Amino acid sequence: LISLSMLINCYCHLGQMAFAFSVLGKIFKSGYEPSIITLTTLIKGLCINGQVDMALELHDFLVAQGFQFDEVTYCTFSSELCKIGRTSAAIQLLLKLEGQVVKPNVEIYNTVINGLCEDGYVNEAKKVFNRMVERDLVPDVISYTSLINGYFKIKRVDEAMVLFREMHFRNLVPDTITYTSLIDGLCKSGRTSFAWELVGEMQYRNQPPNIFTYSPLLDFLCKNQHLDKAITLFQKIMDLGIQPDVCAYTILIDGLCKYGRLNTARQIFQHILNEGFPLDVQIYTAMINGLCKEGFIDEAMALCLEMEDNGCSPDAVTFKIIIRALLDKKDNVMAEKLLNEMLARGLVK
RNA sequence: UCAGAUGAGGGGC
């Protein structure tokens with residue numbers, strides 16, 4: 001049963017829900033009863049494949065059959081509902097659980113706190129946090145990190161810092177993700193020397209900085225046109241044995257493109273392309289934007305076709321950049337062609 | 001030892 005659950009999990013992550021359900025069928029045929037873990041795996045599979053409502057129906061059906069789900073199941077539902085913007089449904093679920101046998105745990109509260117923060121309702125998130133504390137649950141590092149991140153996103157630096165200090169009083173040890181959230185927030189509010197101090201503190205506290213930690217610092221340098229410093233930092237990251245990922249490359253290429261170093265950007269882009277480095281729509285779009293800005297629209301359109309061949313479809317942002325460039329060049333015919341292509345792909349709202 | 005759950009960075013306007 002354990003192996004079959006793992007199999008189901010694999011199918012779910014490959015988007016092969018039909019296969020996943022056929023494994024469930026085999027479990028039933030063999031006379032076994034699937035465990036809650038198996039069923040939760042399937043529920044999550046439905047959710048990540050865009051079928052949250054079907055997952056909810058499956059849940060209700062199984063409950064009617066006498067199955068009892070646990071915290072992990074409800075945490076999955078709550079998290080997935082938040083991810084698709086249905087935070088209020090997650091809140092309703094939370095309230096419902098508060099009056100039931102399976103009481104919400106810290107993880108479930110965390111999903112709602114994080115969901116509210118992502119929607120910008122940080123004060124509401126803080127209320128949920130307080131409500132959790134009133135119910136004798138102890139907030140963990142993730143509860144704090146979500147709130148800290150939320151306060152930074154709405155530019156409430158002071159509130160974020162208060163929470164960071166509060167962690168210490170609760171004997172919570174900020175981890176790499178907590179520090180990274182702080183560093184990102186500080187960089188985006190221009191307080192980079194403080195951010196760098198925290199990088200030092202991380203090393204001192206054995207919370208090693210990773211590529212997520214350095215990316216906001218790199219982004220700050222790029223967006224403020226300190227391109228040489230950015231390149232130096234990028235080299236330093238690699239010297240530390242940290243492999244830059246596609247986000248880090250995007251930050252660098254975008255910065256180089258925007259501030260007059262298109263050729264350097266081109267070279268780096270070509271280099272990672274040759275190496276077979278996995279690229280995504282955002283890095284292609286950054287490069288396309290750079291090309292358009294300097295008037296290389298044909299090259300940009302060629303790259304747009306190339307990304308498609310590499311299994312990476314241009315999205316609405318990619319199309320808008322090229323269309324705008326074409327319109328600036330008064331090539332209305334080609335612009336209209338691309339606009340129709342966007343419509344055909346359902347990229348126009 | 002790991003069958004299922006929650007937190008961090010990048011592209012246009």
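Quick note: numbers below take in every heavy atom, side chains included, and nothing from hydrogens, waters or symmetry partners. What you are looking at is a predicted structure, and each value in this text was computed from that prediction instead of being measured.
Contact check on A:Lys83 versus A:Glu80 returns a salt bridge, with a Lys/Arg side-chain nitrogen under 4.0 Å from an Asp/Glu carboxylate oxygen.
Regarding A:Asn105, its CG atom lies at a distance of 16 Å from the P atom of B:G4, rounded to whole Å. Straight-line distance from the OH atom of A:Tyr179 to the C1' atom of B:G7: 16 Å, rounded to whole Å.
By the 30° and 60° cut-offs, the orientation of the rings of A:Tyr74 relative to A:His59 is perpendicular.
Taking only distance into account, the side chain of A:Asp70 never meets the base of B:A5 through a donor-acceptor pair shorter than 3.5 Å. The base of B:G4 is paired with the side chain of A:Thr40 by a donor and an acceptor separated by under 3.5 Å. For A:Asp140 and B:G7, a side-chain-to-base donor-acceptor distance below 3.5 Å is absent, hydrogens and geometry of angles not being considered. You'll find a donor-acceptor pair under 3.5 Å spanning the side chain of A:Ser35 and the base of B:A3, going by distance alone.
Checked against the 6.0 Å centroid threshold, A:Tyr144 and A:Phe164 do not count as a close aromatic pair. Residues A:Phe69 and A:Phe77 place their aromatic rings such that the two centres sit no closer than 6.0 Å.
Within the 4.0 angstrom heavy-atom criterion, base atoms lie near A:Ile36.
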Return all side-chain donor-acceptor pairs below 3.5 angstrom for residues 228-235 of chain A, not counting sequence neighbours, or 'none' if the list is empty.
from, atom 1, to, atom 2, distance (Å)
A:Asp228, OD1, A:Arg261, NH1, 3.3
A:Asp228, OD1, A:Arg261, NH2, 3.0
A:Asp228, OD2, A:Arg261, NH2, 3.4
A:Thr232, OG1, A:Asp228, O, 2.9
A:Gln235, NE2, A:Asp239, OD1, 3.1

Pair up each side-chain donor or acceptor in residues 8-29 of chain A with any protein partner under 3.5 Å, not counting sequence neighbours, and list the distances.
from, atom 1, to, atom 2, distance (Å)
A:Asn9, OD1, A:His13, NE2, 3.3
A:Ser22, OG, A:Phe19, O, 2.8

Notebook entry, point to check: What one-letter contact string describes nucleotides 8-13 of chain B from 5' to 3', where B marks a base within less than 4.0 Å of any protein heavy atom, S marks contact via sugar-phosphate atoms alone, and - marks no contact?
Noted result: BBBBB-
